[in-house]
Amino acid sequence: MLEQKTARYERIQRQLRELMVKSEHALSRMATINALLYHKMDGFFWVGFYLLHDGKLLVGPYQGPLACLELPRDKGVCWAAINRRTSVVVPDVDNFPGHIACDSRSKSEIVIPVRDKGNNIIGVLDIDSNLKNNFDQADAGQLEKIVAMLYA
Ligand code: SME
């Protein structure tokens with residue numbers, strides 16, 4: 001990963017650590033994470049959470065263009081991250097069978113599972129880029145640290 005990108009993640013993480021103490025509620029923390037990532041990271045075209053509810057994945061807080069309200073079960077990148085219980089990096093969405101295109105401008109994507117205090121997966125952080133190859137495993141590692149702040 002570019003040094004500049006790493007430095008940016010680290011700055012955002014420092015800022016988030018200060019902000020998270022201002023509310024213990026996951027919803028407020030999600031909205032805050034979205035705002036920082038969307039506005040501070042290059043090529044982050046859509047940043048948001050999809051949350052499990054009655055076996056469905058429903059859109060939660062997000063920043064960016066209008067997105068799908070519900071994701072059909074076991075299809076697409078978000079459900080893959082839930083079912084595999086791990087982060088999923090998609091360098092080119094056209095090469096991911098079943099990818100759900102909420103907006104045709106999205107070219108690459110990363111999805112990070114969100115775990116609550118009991119280690120249950122309650123949803124995902126989903127980030128789309130308008131650039132191909134905008135995410136790799138280093139992004140996954142940085143974003144996992146950010147998602148871990150939600151229920152810390
Ligand atoms: N592409 C996702 C759907 C959500 S949008 O990217 C905002 C997927 O395949 O699960």
Side-chain angles (χ1 to χ4, degrees), residues 1-2 4-6 8-9 12-13 15-16 19-20 23 25-116 118-151:
M1 185 162 36
L2 289 172
Q4 193 196 356
K5 198 178 192 188
T6 308
R8 221 172 266 188
Y9 273 124
I12 288 171
Q13 286 160 2
Q15 206 173 343
L16 281 172
L19 287 163
M20 295 293 104
S23 173
H25 295 282
L27 188 67
S28 315
R29 291 179 171 190
M30 286 177 191
T32 303
I33 288 171
N34 291 338
L36 273 183
L37 289 175
Y38 181 77
H39 289 284
K40 304 230 162 170
M41 296 302 291
D42 292 332
F44 281 31
F45 171 80
W46 192 91
V47 181
F49 290 84
Y50 276 93
L51 302 172
L52 282 169
H53 187 79
D54 288 340
K56 292 180 166 184
L57 262 185
L58 310 180
V59 78
Y62 70 90
Q63 297 239 346
L66 184 66
C68 309
L69 275 70
E70 297 189 10
L71 300 177
R73 199 174 176 131
D74 297 338
K75 187 174 183 274
V77 189
C78 292
W79 271 108
I82 298 267
N83 292 335
R84 294 179 199 170
R85 308 181 68 76
T86 185
S87 300
V88 178
V89 176
V90 180
D92 180 349
V93 297
D94 291 334
N95 293 335
F96 190 95
H99 168 259
I100 301 166
C102 298
D103 189 302
S104 61
R105 288 169 290 180
S106 293
K107 303 294 180 211
S108 60
E109 180 163 357
I110 188 166
V111 179
I112 314 290
V114 175
R115 290 178 169 82
D116 67 9
N119 214 31
N120 306 300
I121 294 182
I122 56 114
V124 294
L125 169 65
D126 178 15
I127 303 175
D128 285 22
S129 178
N130 55 327
L131 311 167
K132 275 189 187 173
N133 298 304
N134 201 34
F135 307 108
D136 58 21
Q137 283 306 321
D139 291 272
Q142 296 285 0
L143 292 165
E144 283 162 12
K145 282 192 215 167
I146 289 176
V147 161
M149 293 181 197
L150 277 171
Y151 288 93

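Read the numbers this way: they start at 1 and go in the same order the structure lists the ligands and their atoms.
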- Run the numbers on Lys5 and Asp139 for side-chain contact (heavy atoms from CB on, under 4.5 Å), then give the verdict. CA-CA 9 Å; Lys5 198 178 192 188; Asp139 291 272; 2.7 Å; yes

- Apply side-chain contact (heavy atoms from CB on, under 4.5 Å) to Glu109 and Trp46, showing your working. CA-CA 9 Å; Glu109 180 163 357; Trp46 192 91; over 6 Å; no

- Start with the C-alpha distance between Val90 and His99, add both sets of side-chain angles, then the distance that settles side-chain contact (heavy atoms from CB on, under 4.5 Å), and finish with yes or no. CA-CA 10 Å; Val90 180; His99 168 259; 5.7 Å; no

- In sequence, state the C-alpha distance, the side-chain angles, and the governing distance for Cys68 and Ile100, and then conclude on side-chain contact (heavy atoms from CB on, under 4.5 Å). CA-CA 9 Å; Cys68 309; Ile100 301 166; 4.1 Å; yes

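Counting heavy atoms closer than 4.0 Å to ligand 1, residue Val111 contributes nothing at all. Contact annotation for Trp46 and ligand 1: only side-chain heavy atoms (C-beta onward) come within less than 4.0 Å of the ligand. In Val93, neither the side chain nor the backbone holds a heavy atom less than 4.0 Å from any atom of ligand 1. Residue-level proximity to ligand 1 for Tyr62 is absent, since no heavy atom of it falls below 4.0 angstrom.
The closest protein non-hydrogen atom to atom 8 (C) of ligand 1 is Val77 N, 3.3 Å. Summary of contacts: the protein heavy atom closest to atom 2 (C) of ligand 1 is Glu109 OE2, 3.1 Å. With hydrogens left out, the protein atom closest to atom 10 (O) of ligand 1 is Cys78 N, 2.9 Å, a heavy atom. For atom 4 (C) of ligand 1, the closest non-hydrogen atom on the protein side is Asp126 OD2, 3.3 Å. Of all protein heavy atoms, the one closest to atom 5 (S) of ligand 1 is Cys102 SG, 3.3 Å. Looking only at protein heavy atoms, the nearest one to atom 6 (O) of ligand 1 is Asp128 OD2, 2.8 Å.
Separating the CD1 atom in Ile122 from the CG atom in Leu150 is a distance of 7.0 Å, to the nearest 0.5 Å.
Judged by distance alone, the side chain of Arg29 and the main-chain N or O of Met20 form a donor-acceptor pair under 3.5 Å. Panel note: side chain Gln13, backbone Gln142; a donor-acceptor pair is recorded below 3.5 Å. Side chain of Tyr50 to main chain of Leu71: no donor-acceptor pair is present (N/O by atom type, distance under 3.5 Å, no hydrogens or angles).
At least one N/O-N/O distance between Ile100 and ligand 1 falls below 3.5 Å.
Here is the list of ligand 1 atoms found below 4.0 Å of a heavy atom in Gly76: 9 (O), 10 (O).
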